[in-house]
Amino acid sequence: MSSAVATPPAPAGTPLTKKILTADHPTWCPGCGDFAVLASFYRVLEKLQYPHEKIVTFAGIGCSSRFPYFVNTHGGHFIHGRALPFAAGISLGNDELHVFVFGGDGDGFSIGGNHLTHTARKNVRLTYVIMDNSVYGLTKKQTSPTSPIGFKSKTDPWGAIDQPINPMRTLLNSGATFVARSHATQVNHMTEMMLRAARHDGFSVVEILSECVEFFEGAFDAAVPRKGGTWTLIDEKKNDHSPEDAQRHDPTDEVAAFKLAGQAWPGAFGVFYENKSRATKNALEADLIRKAKERTKGAADLALLQSTFAKMR
Amino acid sequence: MSSAVATPPAPAGTPLTKKILTADHPTWCPGCGDFAVLASFYRVLEKLQYPHEKIVTFAGIGCSSRFPYFVNTHGGHFIHGRALPFAAGISLGNDELHVFVFGGDGDGFSIGGNHLTHTARKNVRLTYVIMDNSVYGLTKKQTSPTSPIGFKSKTDPWGAIDQPINPMRTLLNSGATFVARSHATQVNHMTEMMLRAARHDGFSVVEILSECVEFFEGAFDAAVPRKGGTWTLIDEKKNDHSPEDAQRHDPTDEVAAFKLAGQAWPGAFGVFYENKSRATKNALEADLIRKAKERTKGAADLALLQSTFAKMR
Amino acid sequence: MVSPNTPETPGGTERSSVAPRSIKDVVIRLAGNSQDGIQAVGGFLARLAGRSEQDVMTYMTIPSTISGGPSIFQVRMGTGDILSAGDRADMLVAFYQHSYDAHVSSLRPGGVLLYDSDHVKPVEEDRRFTSVACPITSATVEALGGTAKDKGKNMFVLGLIARIFDLDVAKLTTLIRERFAGKNEDIVRNALLGFDAGYAWPQNNLRDLFYRFEAIDQAVARSGRPQITLDGNSAIAYGFIAAGVRYGAGYPITPWSSIMETLRTELPKYGGIFVQCEDEIASISTALGFSYTGSVAITGSAGPGLSLKMEALSWATMAEMPIVVVNVQRGGPSTGMPTNVEQSDLMQAIYGSHGDTPRVVLAPKNVEDCFYTAMEAVRIAREYSTPVLLLTDQGLSSRIEAFDEPDLPKLMIDAKVDRSERSADFKPYPLDRVTRHAPAGSRIASGKYPTVTGLEHDELGHPTGSPKLHAQMNAKRREKIKALAATLPAPEHSGEAEGDVLLVTWGSNWGPGREALARVQAAGIKGGHMHIRHVHPLPNGLEAVFARYRRIVVAELNDEGVYGFGQLALMLRARLANPAIVSVCKTDGLTFKVSELVAGIARHIGHAALLESVGTARPSPLAAR
Amino acid sequence: MVSPNTPETPGGTERSSVAPRSIKDVVIRLAGNSQDGIQAVGGFLARLAGRSEQDVMTYMTIPSTISGGPSIFQVRMGTGDILSAGDRADMLVAFYQHSYDAHVSSLRPGGVLLYDSDHVKPVEEDRRFTSVACPITSATVEALGGTAKDKGKNMFVLGLIARIFDLDVAKLTTLIRERFAGKNEDIVRNALLGFDAGYAWPQNNLRDLFYRFEAIDQAVARSGRPQITLDGNSAIAYGFIAAGVRYGAGYPITPWSSIMETLRTELPKYGGIFVQCEDEIASISTALGFSYTGSVAITGSAGPGLSLKMEALSWATMAEMPIVVVNVQRGGPSTGMPTNVEQSDLMQAIYGSHGDTPRVVLAPKNVEDCFYTAMEAVRIAREYSTPVLLLTDQGLSSRIEAFDEPDLPKLMIDAKVDRSERSADFKPYPLDRVTRHAPAGSRIASGKYPTVTGLEHDELGHPTGSPKLHAQMNAKRREKIKALAATLPAPEHSGEAEGDVLLVTWGSNWGPGREALARVQAAGIKGGHMHIRHVHPLPNGLEAVFARYRRIVVAELNDEGVYGFGQLALMLRARLANPAIVSVCKTDGLTFKVSELVAGIARHIGHAALLESVGTARPSPLAAR
Ligand SMILES: Cc1ncc(C[n+]2csc(CCOP(=O)(O)OP(=O)(O)O)c2C)c(N)n1
Ligand SMILES: Cc1ncc(C[n+]2csc(CCOP(=O)(O)OP(=O)(O)O)c2C)c(N)n1
Ligand code: SF4
Ligand code: SF4
Ligand SMILES: [Mg+2]
Ligand SMILES: [Mg+2]
C-alpha cells in the first residue's frame, strides 16, 4: 500500500490555484452551463484557501454530478440521488473537512428529494450546489421535476403536464439554514453565493440555473439581460435603520423568503434565507459526546467496555 | 376461481353502515388515538354512501397503517412508506374508485417523504390521512421526524436533538390541493375534515394528531381543553364582505397558509389550504388519451398496432 | 483517387459491364462521430434488408461523452439467417483518423478499407486490405453546394455502399423519402443529392468493387408476412402493447429509457397511461397499484434501478400481484459501464429480494424474440399472478434487426379487466388454487371485501402469525412456479443430440452461440447447442439432455465469480449437480465474438487444433480472388 | 392446594429433610401475557446461571398485537453445554387459561405443570404430568398487600422456581437488588416480598418437587473469566465496539432496532456517532460516507430494509469501500412474519445487488458467536476493503445466553484513522494490491487527489469505458474475495469423520444441529456435523470432507425452493456439483426442533427406526420415578 513518505511533498502552504485544482478535462457538451459553475467553484476555492487535503467534492449521478472528476480534491461520486446522506457521513465522520456536494435537479429534487429534507433539517454542515437545467441531461431529455409545464421532452412529447416543484420553496421548507439562488451566466454572483454558502456554519444550499444547451436551450434566458431577460438581484437588509432598509429583504424572515420564492418567473437571485443561530448536527453530536465523556469521566475505551460487561455478569 | 354468481348479492343500494364497514377487531393498544380516527372514518363513509365496491383503503406499514384491516372495503397494505405511489396507480388505473390512504408520521414524512411531494404535485385524486403520533409506534418508540426536540426515545435516550419537520409546511409545499389538520380527540372535526378531503377533486391530505398512549403519552394535550390545552379552530373566510371576514383565513392564500403553519405549538386546526382550480393528474391523462384518440380517429387497438408496424417495414 | 491496391479503372467506362461477385453476407462497420448520422445509414440498410427479405443485424457503440464523440455502427446483411453482428468487419468506412486508428484492426484480411481521404491517412505499408481513398467530405460538400457543410456525408456513404453491393436503389430512395416525410423539402433534396453523388462515385472510380447478395433460397419458408425492422427495446414495448398492457410506470435510465419513452408516447392512443415517477421505487409501486386495479402493468430499469425495486418485488410475491419488470442489463456493478452490455443481473433477478420469493425470469434471444418474450412475460404474470422479470441487455436494446411482422390478428390480446361480481366463497389467496385477485370495483357477494397484503396471511388476506399457514403459503407460492415450470417447452436444441460438448447460451448470446456450434461441428467435433429462454424456473428434463454430453459449456457475459462459474452455470450446477457443467465467461462490456466462444469450447474439451484455428483470421469474402 | 397427582404434604414438616434429585438440565416455559414480566423471570434465571458457571439459553415469542398479548419465555438451564432452548418443556408455568391451552402440549410426559389456580382449570383427566395448582395471583396479592394488585406475580414464580430447583437465593437476591437499583425502594421491597412468598410456598405445599443441578465438571476447561449474560443483538453491538467501530447509521425495524438503539446510546461514550436516518438507503449511504472518512462504519436492518440497501451495496463493491451490514433475518417475503425467525435472506446477501458483486457473508452460530462474528466482520471489511454482511436472525436477536466474558484486553481494537500523507505513487485502485483508500484529510504527495466512484475506473479512480480495464477490475474484485477464502479456517466439524450422513448447518441452527448429531449417533448411525460460519465465500476444502459421507443433509430455515434445495444447499451444490447434497428445510417461523432435524436425516438416509424414535416423546427428567 501507499505509505507515508520521508521526502517532503509540495509544501503545505502552497496557495491553491485553479491550475492545481483542475483535474480531468470536463466531458460536458460545448456551451453547457456547468462549465461556468466549475470556473466559479475554482475561484471560490482560491478565495477560501482551505488546506488542499481537507476539501471534499462529492456528487450523485448526472451530467452535473460529473463535477468532482474535474476538481482535483478528495472526492468522487456516489449513486443517483443519495449524495447528501453520503456527504452527511463525511461531514460528521470528520468535522475538519470542507464538504461540497454537486448535483442536478433530477438527482436532488426527484430521486433524492427526501434526503434533501432530512439532511437539511438536521443542519449537517456542508455546502450543496444544485445545477438546475430543468431537464434530465445525462439520460438525454426526459421531463425533470423542475421542467416547466409545456416543455417537450422524450417522456412528454406533447409538452410536460405535471406541475413542477418550486425549488426555492422546497429548499426553504427543507430546513436548510442558508438558501441562495444564482445563474450560470453570472460568474461573479455565483462565486459570491457559493462563497457565502461555504462560509456558512450549517447546511447551505445554492440553486444555480445552468442551461443544458443540448436538451433545453434557452431555458433560463428570461433572466439573461443580453437575451432580453431581466436579472433581478435580491436587495438584502443592511440593518442600517434607513427608510430604504425597510423595503429590503430580511434573509432571517422565513415568510418573506417564502413570498420571494413565489414570485413570477424568472424571479429574483441572491440569498433568500440565512439562519446563523441554529446549531449544526455536527455541534449537537459533539455535545452528546462531550456529555457522555463527562459522565464516564473520560474513561478509556477498554475500561468502558469492561465496565459494561461487568454489569452483565 | 371465484366466478360471477347468478344469485343476486345484497342489493347494491343497501346503505353502508358502520356495521357493514367493520372488519377485524383493531389490534391497537387500548386508548390509542387511532381508534377515534377509525370511528370517524366509518362516519365519513356513512355520509358519503359511495358504492361499497368502489371504496379502496390502502396503507404503508406502522400501527396506523393497520387501518385497512379494520375497514371492510377493498384494500390492503403495501410496504413501508410507499403507499402513495401505489395508491396513485390505483387512482389512475381506475378513475371510478374512491381511494383513501392511511399512514403514520414515520411512514409519510420519513421514508415516504419524497413520494408525498411527487404524488401531491401531480395532484393525483385521492385522500391521504396521516395519523401523526410523533413517534414510531409499531417499532416501539424511536424518534420520528415529527418528534419534538427533547423527546426521550430509544434512539434519543437523552432527548431528541434534530429539528423536526413542520408537517403543515411540508404538506403545503408538497403541492397538495387540499390540506387540513385535525386532532383525534375531536371526532366531529375529524369527520368534517376527512369528509371535505374526500369530496375534494384532487390530492387531499389531512394530518390528524393521534396520541400513542403506549410510547408518547400526552403528546397532544396542549390542544385538548379538558387537559388544560387550547383548541383553536381556523376561522375560514366566508366571502360575505363583512368586516370580520377580512380577518378570516383565506384557504386559497398560500402565504397565509404558510404563516398559519408557522404558529406556535399547538397551532390551529382546520383547513389550511384549498385549491379547487388545478387540474388533477387523472384529468390531464384523460385529456392526453382523448387527444391521442382524436389523432388516431379512435382506431381499434389492433389497427393501431398494425399501422405502426406498417411504418417499420 | 484509388488506392494502389485496386487496379486503376479508366473513367467513363461503363461499369455495368463488370459482373457483380456473389456473396452470402457482409459486415460493414461505419466509424465516425455520433454527430455524423452513421446510425441513420445503418438504419436505412437494415430497413432495406427487411424489405428485401434479407436478414440483417446491427451493432452500435455509444460514446462515453455526454453527447458527441466517437461512435460506430456495424451492420451485417445478407441472405439467410444472420445470427450475430459479426466478429470482424468485411468493410470499414473510416470518417476520421481516430476512426481508422481504432477500428482498422477489426477488418478481416482482404476486406475493404474505405476512408475519407480528406481526414484519414492510413498506414501506407499496410497491404492487407483493399484500400479505397474517397474524399467523402469534399465530395459531399461539392454535391450539396456551399451551405450544407458536411452534413450529408452519411447519405453519400449510403450511396457508395448501395453501388458497391448493388442494392435496390428504388427501395432505398423510397425509404429516404419516407424517413424525411413531413420535414423541410430541402432536407429530402439534400439527402437524395448526397446519396446520388455517393452512388455515382464508384462508377467513375472503382468499378470492380462490385458485389451482389446470393439469391434468396425460396425453399426456406417465410411467413409470407412482410418483414419489419426495429430495435430490441421497441420490440419489447410493442410486445407489451400486443399483450394488452395498458399501464406502466418508470424512471429514466440508460438503456431502459427508450422503452418507457415509447410506451409513454404510444399508450394514450390505446387508452392507457404511463407515468414517469420520481424514482424506481415509486415506479414499481405505481405499476403494482395499476396491477391491483386489474390490468397487469409493467415497469423496468437497468441495474441500479432494479436494485431499488427489490423490496416491492418481494411484496409482489407475497401479495401475489402480477407485474412485469424489464431489466435492460448493462455493465455493473454500481453505475459500472452504463453503455455496455453484460448479463450480470441474473442472480439478482432470481434472488435479489429478501425472503423466499419464487418468481419468473425470461430472457429474449434476439430482437424478434424481444417481442414474443414481452408477450409471454405478460401472459405468465397474468396466469400465475406473479412477478415476471424480463432480462434483456444493452446490446439487444439498440440492435436493429429485420424479422417477419408478427401475426397481430392472431396474437393481439384484448385484456379486459374482470370486475364481475365474485361469489360469496371468494378468497384472494386460496391454498388450493392460483390466486385471482378481485380488482377494486368488483362486488363481492359475501359483502366481505378482500385484503391484499405483504404480511403473511390466511386465505382471506388477513395477517397471520400461524406457523402452519406461513409454511403452507410459502409452499403455495413455490408450487405455482413449479407448475409453470412443468408447462415450459424444452429449450431450443440444435446440432448433435449427444457428443463431446453441449454449448449452452442464454439471452443475446444465442446468435454467436449458433455460429460457434457451426464452427465447432465444422472442425469435426460432435457438439450441440442449447439456448435457454426460460432462465428461471428452468424447464424440466435438462438432466437427460446434459447427460449425453461429455462437457456442458455455459457461455455468458458475466464474471466467473468466486467459484469459477457464471450465473446461469451456477444455477444449472445447483439444480443438476452435474460436474461436467463449466463456464465461458467474460466481462469486457462487449458481446461474444464467435471466436471467443469457439476458443472457450476448445479449451474446455482440450482440443488444440480447434483452439489454434481460432487464432487464424479467415479472409473476407470481399477479398480479391 | 396440591393437585391429586402430588402426595399431600402435611404443613409444617421441615422440607430440607427431603433430598433434592439430581438433574443435568431443565427446560422451563413461562406462559402468560407480555405485561406479566415473564421476560424478567427468564432474565434473572439466565443471569443466575451465568454467575453459577452454568449454561443457559432462552427463547421468547413476541405477541402479534402491538403491545400486550400472549407471550412466552422459555429458559433452559443446567450443567454442561446447553445447545438449544429445548424442543419441549420439562416444566410449564401457566398464568392463564389461554396459556395452558396453547402450551400444555409442549410439556414432556412426566413434566411439571404448575398453573395459577386463580385463572386456570386444567383438563382433569390428563394424568401425564405432575400437576401443581398454585393460587399465584391471590398468593401474590396477599404477600404484597392490597395496592400492588398482581404486579409481583413474576417474582412469586421466580421464588417458586428457586425453591423447586434449589437455586442460590443469595445470588438471586443480589440480582434483584441490582436490577432495581436506583428505582423506588418500594419496588425493591415488593419484588423481594413476592420472591420470598413464592420461595416459601413449596415448603408448605409440595415438599418433594425438589431438584438440584449436577455438580459442575471441573475438568471442563473454562476460561477463568466470569460469565456474562446477554442477548444476541447486544453481543453484536458490543462486538462492533470492541472491533473499533465508532460510526454507524440506521433506521428502525424489528428485530434489528435494538442494535441501533444500543449503538446510539453507547457510541458517544467512545467518541462516536450513530445517526438515525430517514430510511435504509440514507442509512447505508451515511455509513459509507463514514467509512470514506477512514473508519469502517456499520449499518443494518431486516429483510425489507436490506432490499433497499442493495443499490448502495453494489457501489460499495465497485468503490471497494469497507462496510459491515447486519441483517437480523425474520420471516419473509415482504413484511412477512416480522417477529419470527427465518434464514431466507442468504441468497440475497450473496447476490442481491445488480452486477457482479463479490462480497462476504458471515453468520454467527449463537449469542457468544454474535460478539466474535461482529469483530471478524469488521476485520475482514477493513483488511479486504469490502462490504461484509452479517446474517443473524430473530431467534438469536432476543435469545439470552451466558458465556465467558471475552478477553477484552487482548481483543479490543484501537482503530486509528490513517491520515498520514500518501506517497506520490498512491493509487486508490491498484490492480496488483488490495485497495487501501486514502481518507479525505490525507495529503497525497503527488498533489493528485483520488476519486472514489461507482463507475468502472482505472487505478486512479477515473471513469473508464475500456473493455480491458473492466475485465481486469472485475477480476481484481473477485480475486481478493478468493484470497480471503483461502485464509478461512476449516469449519467446525464434529462426530465421525466419515459415514452415512453429514449434517450441515449454518447460523442459529448450530445448537439443534449438535444435539441432533448426538441423537443420530446414539441410534448407531455413523454421522458427522459441520457448521459453516463463513457462508460466503465458503472455505476451501469442503469437497474432500463431503466425499466421505453417503449423504450431506443441509438443514436451514428457509424454503426448499423450486428445485428442492434450501439456500445454502443450493450454493454447496453449485460449488461442488455433489448430488449427495440434500436439504432439510422449513419455514414455520420457529427454530428447528432437534426432533425435526433427526426426522429429516432419518428420511434422507432411509432409516426407519430412527424416524420412528422421533415420534416417541422422551419423558422429562423431572418425572416421578
Ligand atoms: C438509480 C438510478 N436511476 C436512474 C439513473 C439514471 N440517471 C443518471 S443521471 C439521471 C438524471 C440526470 O438528471 P439531473 O440529475 O438533472 O442531472 P443533469 O444530467 O441534468 O445534470 C438519471 C435518471 C441512475 N444512474 N441510477
Ligand atoms: C423498509 C422498512 N423499514 C422499516 C420498517 C419497520 N417499520 C415498520 S412501521 C415503522 C414506522 C412506524 O412509525 P409510523 O409510520 O409513525 O407509524 P405508527 O406505528 O407510529 O403509527 C417502521 C420503521 C419496515 N416495515 N420496512
Ligand atoms: S447534455 Fe446538457 S447538461 Fe449534459 S453536458 Fe450536455 S449541455 Fe450540459
Ligand atoms: S403502540 Fe402507540 S400507536 Fe401503536 S397501537 Fe399502541 S398506542 Fe397506538
Ligand atoms: Mg438536470
Ligand atoms: Mg408514528
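Heavy-atom basis, side chains included; hydrogens, waters and symmetry copies ignored. Chain naming here is simple, since letters A, B, ... match the order of the sequence lines and numbering starts at 1 in each.
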Would you mind checking which part of Ile111(A) comes under 4.5 Å of any heavy atom in chain B, side chain (CB onward), backbone (N, CA, C, O), both or neither?
backbone

Heavy-atom contact with chain B under 4.5 Å, split by part of Thr117(A):
side chain

Sort out for me which of Ser110(A), Ala279(A), Ser174(A) touches chain B most, counting heavy-atom pairs under 4.5 Å.
Ser110(A)

Among Gly175(A), Pro145(A), Gly112(A), which has the most heavy-atom pairs under 4.5 Å with chain B?
Pro145(A)

Distance (rounded to the nearest 0.5 Å) between [X] [atom1] and [Y] [atom2]:
X: Asn173(B); Y: Leu171(A); atom1: CG; atom2: CG; answer: 9.0 Å
X: Glu285(A); Y: Ile161(B); atom1: CD; atom2: CD1; answer: 4.0 Å
X: Phe258(A); Y: Lys259(B); atom1: CZ; atom2: NZ; answer: 11.0 Å

Heavy-atom pairs under 4.5 Å with chain A: which of Leu172(B), Leu288(B), Asn123(B) has the most?
Leu288(B)

Picking from Leu116(B), Asp162(B), Val255(B), which has the most non-hydrogen pairs under 4.5 angstrom with chain A?
Asp162(B)

For Glu96(B), I'd like to know if atom CD has over 12 heavy atoms of other residues, nucleotides or ligands within 6.0 Å.
no

Gln163(A) pairs by side chain to side chain donor-acceptor pair (under 3.5 Å) with which of Arg121(B), Lys122(B), Arg278(B)?
Arg278(B)

